[in-house]
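Computed from a predicted model, the values in this text were never measured in an experiment.
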Amino acid sequence: MGVRAQTNENALVDPGAPLNAKKLVTARGVEDFTDALTGYTIVEADSHDEAVQIFSGHPHLGLFAGNSIAVLECPSPPR
């Protein structure tokens with residue numbers, strides 16, 4: 001486990017996996033699609049900004065020019 005992973009291991013809910021075989025389902029049918037998302041990880045944080053900080057400086061960002069990490073908020077569904 002890398003230093004960043006150890007530093008943030010308490011926030012890690014799911015270490016994630018690659019994203020492959022993408023299908024778009026619409027009222028018109030199903031089709032293959034591509035996008036830039038290649039994998040996911042789920043973390044728990046007190047705020048969206050805190051989650052962003054967890055990934056700031058992540059080693060993935062320096063592997064290839066243009067690499068990025070999208071940090072998406074997934075709030076609990078309304079009751």
Side-chain angles (χ1 to χ4, degrees):
M1 185 180 293
V3 173
R4 286 205 62 78
Q6 288 174 339
T7 300
N8 298 300
E9 69 183 327
N10 291 337
L12 194 62
V13 174
D14 181 341
L19 297 172
N20 298 317
K22 299 173 183 181
K23 300 281 185 182
L24 183 65
V25 180
T26 69
R28 295 186 315 263
V30 179
E31 60 188 75
D32 293 335
F33 79 98
T34 59
D35 63 12
L37 300 179
T38 60
Y40 78 93
T41 296
I42 299 175
V43 298
E44 185 173 12
D46 289 333
S47 69
H48 188 241
D49 289 337
E50 184 181 311
V52 169
Q53 286 302 101
I54 288 171
F55 292 101
S56 178
H58 192 284
H60 170 78
L61 299 171
L63 290 177
F64 299 101
N67 271 7
S68 63
I69 298 172
V71 181
L72 310 172
E73 183 179 18
C74 300
S76 299
R79 294 180 187 233

Practice prompt. Mark yes when over 12 heavy atoms from residues, nucleotides or ligands other than F33 sit less than 6.0 Å from its CZ; otherwise mark no.
Written response: yes
Worksheet item: Between V71 and A51, which heavy-atom pair has the shortest distance, and what is it?
Response: CG1-CB, 3.9 Å
Discussion item. Quick check: closest heavy atoms across D14 and T41, and the distance to 0.1 Å?
Written reply: O-CG2, 3.4 Å
Item to complete: Consider only side-chain heavy atoms of I, L, V, M, F, W and Y, link residues closer than 4.5 Å, and tell whether I69 and Y40 are in one cluster.
Response: no
Worksheet item: What's the shortest heavy-atom distance between S68 and L61, and which atoms?
Response: CA-CD2, 3.8 Å
Item to complete: Please name the residue in the list D32, L37, T34 that meets the side-chain contact (heavy atoms from CB on, under 4.5 Å) test with K22.
Response: L37
Discussion item. Are I42 and L19 linked, directly or through intermediate hydrophobic residues, by side-chain heavy-atom contacts shorter than 4.5 Å (ILVMFWY only)?
Written reply: yes
Item to complete: Assess whether atom CG of D46 is packed by more than 12 heavy atoms of other residues, nucleotides or ligands within 6.0 Å.
Response: no
Worksheet item: Should we count CD of E44 as having more than 12 external heavy atoms under 6.0 Å?
Response: no
